[in-house]
Structure formats: structure tokens, C-alpha cells
Amino acid sequence: MNTSVPVPAGLPPLAMQTTAEHPWPLRLLSAKIHEYIARMPGCWVEGEIVEFTPRPGAKVQFFKLADLQEKASIPVKIFSSGLPKDITAGARVVVLAKPDYWEVNGSFALFAREVRPVGLGDLLARIAELKQRLAAEGLFAPERKLPLPFLPRRIGLICGRNAKAKHDVLVNATARWPSAQFVIREVAVQGKSCAAEVTAALQELDAQEEVEVIIITRGGGSVEDLLPFSEEMLVRAATQAHTPIISAIGHETDNPLLDYVADVRASTPTDAARRVVPDVTEETEKIQTALAAGRQLMENQLARAENEQLLLRSHPILQDPLQTLLVPRAEHLENLLFRIRTSCEHILTKENAQIGAELAKLRTLSPSSTLKRGYSILQKDSGEILCRQAEAIPDMHIAALLYDGKISLSVLADEES
């Protein structure tokens with residue numbers, strides 16, 4: 001049987017065919033939405049009951065089913081007979097419901113047929129499944145862990161309001177390092193708002209540059225009390241933080257998922273205080289030990305340097321540096337000077353002998369030597385040398401150049417030989 005809402009003649013048969021000139025009336029759109037939603041099958045939905053006020057004697061009960069992690073909620077209505085009597089606001093439940101659209105005011109809700117509370121076993125099973133999924137993503141890997149600072153400027157502390165865990169951390173940390181400074185955020189550490197409040201405080205402290213490490217802590221408690229510290233919203237916020245996180249939730253045997261993604265897992269709040277700051281007494285002793293070792297090392301180096309100095313001073317060259325260094329050098333210089341003088345004298349003697357030989361040759365070939373042997377040179381008054389008889393003219397005055405002077409002569413006549 002076709003129960004589709006008919007479209008009046010003259011209107012576009014499909015919503016996608018409408019235009020500004022040919023729109024659908026609102027009543028038709030509302031009827032079509034109701035028709036579409038009515039065809040949706042029922043399904044099981046998990047969430048948390050909020051805004052629930054029981055209405056004794058009423059046939060229908062109303063509440064909202066919320067997903068606090070994603071901040072989503074949908075109104076739910078159910079016949080009173082289908083709602084367990086022990087259900088209260090804050091309960092985690094699974095609901096068999098069918099979507100319902102009310103055309104009169106355009107409201108959407110779920111019409112529930114059955115509500116079942118989620119048991120602890122179911123919650124633990126889902127936490128185990130979430131743990132496997134996060135591990136597969138590598139969020140528990142050791143290489144993702146951030147190292148703790150040796151001495152943080154400020155320590156972020158997320159804890160319960162006036163809780164003993166807060167007291168344990170502050171007392172033990174300041175006992176170890178009296179000047180330790182804390183930025184404290186007190187939040188709900190159990191219940192339905194715990195995960196959201198801890199996540200908000202974590203993100204706030206992570207954004208503060210001076211906060212160099214964050215402790216998330218609470219004392220022991222039941223498994224149900226610690227469940228918020230396994231909420232996916234909080235766990236993923238911890239993996240995205242840039243500040244190292246110390247998880248100190250519960251006691252030694254308690255292991256919420258926050259422990260696996262935290263950079264350091266402390267067994268107790270006191271253990272967290274021990275890990276976050278050094279012990280001033282221990283560090284003072286280390287400094288004193290280092291100073292003593294430094295002094296001893298310096299003394300050893302000085303003693304070694306003194307021994308090396310004594311060894312150097314005992315060396316012959318330092319015992320008598322004049323005799324050892326200068327005397328051999330002076331002798332060497334004297335030998336060099338003697339060799340230089342000898343070489344220069346030999347060269348001068350050889351050159352003098354060569355000059356004497358050349359001078360003897362020059363003297364032998366010189367005109368004065370020829371004149372000395374009785375020859376003479378006739379020279380005209382003009383200074384020209386008289387070489388041929390024909391040049392001699394009677395009554396010409398000439399000079400005869402001898403070895404030791406000259407004689408003036410007159411030509412009487414030229415005679416042929």
C-alpha cells in the first residue's frame with residue numbers, strides 16, 4: 001500500500017525540482033519530512049540520561065539522551081511502562097528508539113520502546129575495546145613519551161576540591177623542593193562531569209607557557225569512580241598535549257587508560273610529588289660531592305704540573321743554558337766566519353793574479369812600451385800622427401814624441417829612401 005504524501009497538482013513532484021517561482025508550501029515539506037523520518041527503522045543507541053524529572057502517574061516520561069564527550073543530545077519520550085524504575089539522571093543506558101518528527105512545531109525526538117542500564121561489565125568491555133583501538137593507533141608507544149623537566153618553573157596540578165591527593169602532592173613536593181610553584185585547578189574527579197572538567201583544565205594548563213609539567217591526580221576509589229579517566233575525550237586530550245603529563249590516579253593496582261598515554265605513570269599522589277621535583281637534600285649532596293671531586297682533580301693536576309716543572313728544570317739545557325746553548329752556537333759562528341774569511345782571501349788572491357796578468361799584457365802592448373825601446377812618434381802641429389813620408393812637407397814643424405818627452409823638429413826636405 002502506497003502511503004506517500006501526495007503532491008498537489010501544479011507543484012514540483014520532487015523537492016529538488018522546486019524553484020523560487022514554484023516553491024512547496026511549508027505544510028508539504030513538513031509532511032514529507034515526517035514521512036521520510038517515519039520510514040527510518042528503530043535502533044539501539046547508547047548515551048547518558050540528562051534533564052530527567054520523573055512524572056509519577058504520567059503515561060509518558062521525557063528526558064534527554066546525551067553524549068557528553070561530543071556535546072550532543074536528543075530529546076527522548078517513552079511510555080512509563082518501558083522505563084526501569086531505578087533509572088536516574090546521570091545513568092548510562094542503551095535505548096531502543098525510533099526517530100519521530102512532530103509536524104506541528106517541527107521538533108525532532110526519539111520515541112523509545114526500551115531502556116536498559118549499562119552494567120559495569122559492559123563499561124569495562126568497552127574500555128578494553130577502546131584500549132585496543134588506541135594502542136593500534138600507537139598512542140601508547142614509548143617514543144611518544146615526553147621527558148620530565150629536571151626542575152619545572154611551575155607545576156600544573158589537576159585534582160579534586162580539597163582532596164587528600166592535592167595535600168599529598170603539595171606537602172611532599174615542597175618537602176623535596178621548598179620553592180616549588182604550583183598552578184592548581186580543582187575539578188570533579190568522579191561523576192558525569194569529571195572527564196569534561198579534567199579535559200578543560202588540562203587544555204588550559206597546557207596552553208600556559210610557564211607550566212612545564214602537569215599532574216593529574218586523585219586518591220583511590222571504586223572502579224566506577226575511576227571510569228571517567230578512561231573516557232576517550234580525556235585520553236585523546238592527553239595525547240595532544242605539548243606539556244609532559246604525570247598520571248597519578250588511584251593506587252598501584254588502578255590503571256585507567258589515562259595511565260597508558262601519560263608520559264609518566266605514578267603509583268600514588270605521593271609518588272607523583274617525588275617524580276616531579278628533585279630532592280634538595282640529595283641535590284645538595286651531589287653538588288658537594290662534585291665540588292670535592294673537582295677540588296681533588298684540580299689538586300692532582302697541580303701536582304702533576306709541578307712534577308713536570310721539576311723534571312724540566314732538571315734538564316741540562318736549563319741547568320746551564322749558557323754552556324748548553326750559547327757556547328756551541330758561538331763556536332759554530334766562529335767556524336762560519338773563518339770559512340768566510342778564508343774563502344774571501346782565496347777569491348781576492350785569484351782575482352789579483354788575474355788582474356796582474358792582464359795588466360802585464362796591456363803594458364806590453366801599450367805605445368809607451370814601444371817608445372821606451374827607442375822608438376818615437378811624429379806628430380803634426382794639428383795633433384795628427386805623421387805616418388807617411390809624403391805627408392812631410394819642407395819647413396813643416398813637427399814634434400817627435402819620445403818615452404820621456406817630445407822634441408820640436410823642422411822638415412828640411414823630403415828624401416826618398
Side-chain angles (χ1 to χ4, degrees), residues 143 147 149-151 153 209 242 286-417:
E143 56 268 20
F150 172 72
L151 186 59
R153 286 180 292 172
E209 185 178 354
H242 299 91
K286 290 179 182 178
I287 292 174
Q288 292 176 346
T289 301
L291 287 174
R295 291 191 186 97
Q296 185 62 49
L297 179 62
M298 184 62 68
E299 291 175 359
N300 293 340
Q301 290 180 342
L302 290 174
R304 186 161 50 250
E306 185 177 0
N307 291 333
E308 292 175 355
Q309 183 187 34
L310 292 174
L311 181 62
L312 290 174
R313 291 176 62 184
S314 64
H315 198 278
I317 195 171
L318 294 179
Q319 290 289 328
D320 189 357
L322 181 63
Q323 183 67 28
T324 307
L325 288 176
L326 300 182
V327 171
R329 294 296 179 185
E331 293 177 352
H332 180 64
L333 288 175
E334 289 180 358
N335 291 334
L336 289 177
L337 288 173
F338 175 76
R339 291 171 61 186
I340 290 172
R341 290 193 188 97
T342 303
S343 178
C344 290
E345 290 174 356
H346 175 72
I347 292 172
L348 290 174
T349 301
K350 181 178 178 181
E351 294 298 325
N352 285 333
Q354 186 173 357
I355 291 173
E358 295 296 329
L359 184 58
K361 290 180 182 179
L362 183 60
R363 287 173 177 168
T364 301
L365 298 176
S366 70
S368 61
S369 297
T370 303
L371 295 175
K372 193 174 183 179
R373 291 197 302 269
Y375 292 91
S376 65
I377 298 174
L378 298 179
Q379 189 177 31
K380 297 178 181 181
D381 290 340
S382 61
E384 295 181 13
I385 301 300
L386 188 64
C387 297
R388 293 185 299 274
Q389 178 184 358
E391 296 178 1
I393 301 172
D395 298 328
M396 175 186 290
H397 292 283
I398 59 175
L401 300 180
L402 303 176
Y403 171 72
D404 56 353
K406 65 180 179 178
I407 301 173
S408 298
L409 302 174
S410 291
V411 177
L412 298 178
D414 56 345
E415 293 181 357
E416 295 184 0
S417 57

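Of all heavy-atom pairs spanning L412 and P394, the tightest one is O-CB, 3.6 Å.
Between E391 atom CD and K380 atom NZ the span is 4.5 Å, to the nearest 0.5 Å. Atom CG of L311 and atom CD of Q309 lie 11.0 Å apart (nearest 0.5 Å). The CD1 atom of I355 sits 9.5 Å away from atom CG of L348, with the distance rounded to the nearest 0.5 Å. Note: L336 CG to R329 CZ = 10.5 Å, rounded to the nearest 0.5 Å. Here CD1 of I398 is found 12.0 Å from OG of S382. Values are rounded to the nearest 0.5 Å.
Shown here are the side-chain contact (heavy atoms from CB on, under 4.5 Å) partners of L401, two or more places apart in sequence or in another chain: I377, Q379, K406.
Side chain of S343 to main chain of R339: no donor-acceptor pair is present (N/O by atom type, distance under 3.5 Å, no hydrogens or angles).
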Below 3.5 Å, can you tabulate the donor-acceptor pairs from side chains in residues 288-306 to any protein atom, sequence neighbours excluded?
from : atom 1 : to   : atom 2 : distance (Å)
T289 : OG1    : E285 : O      : 2.8
Q296 : NE2    : N300 : OD1    : 3.0
N300 : ND2    : Q296 : O      : 3.2

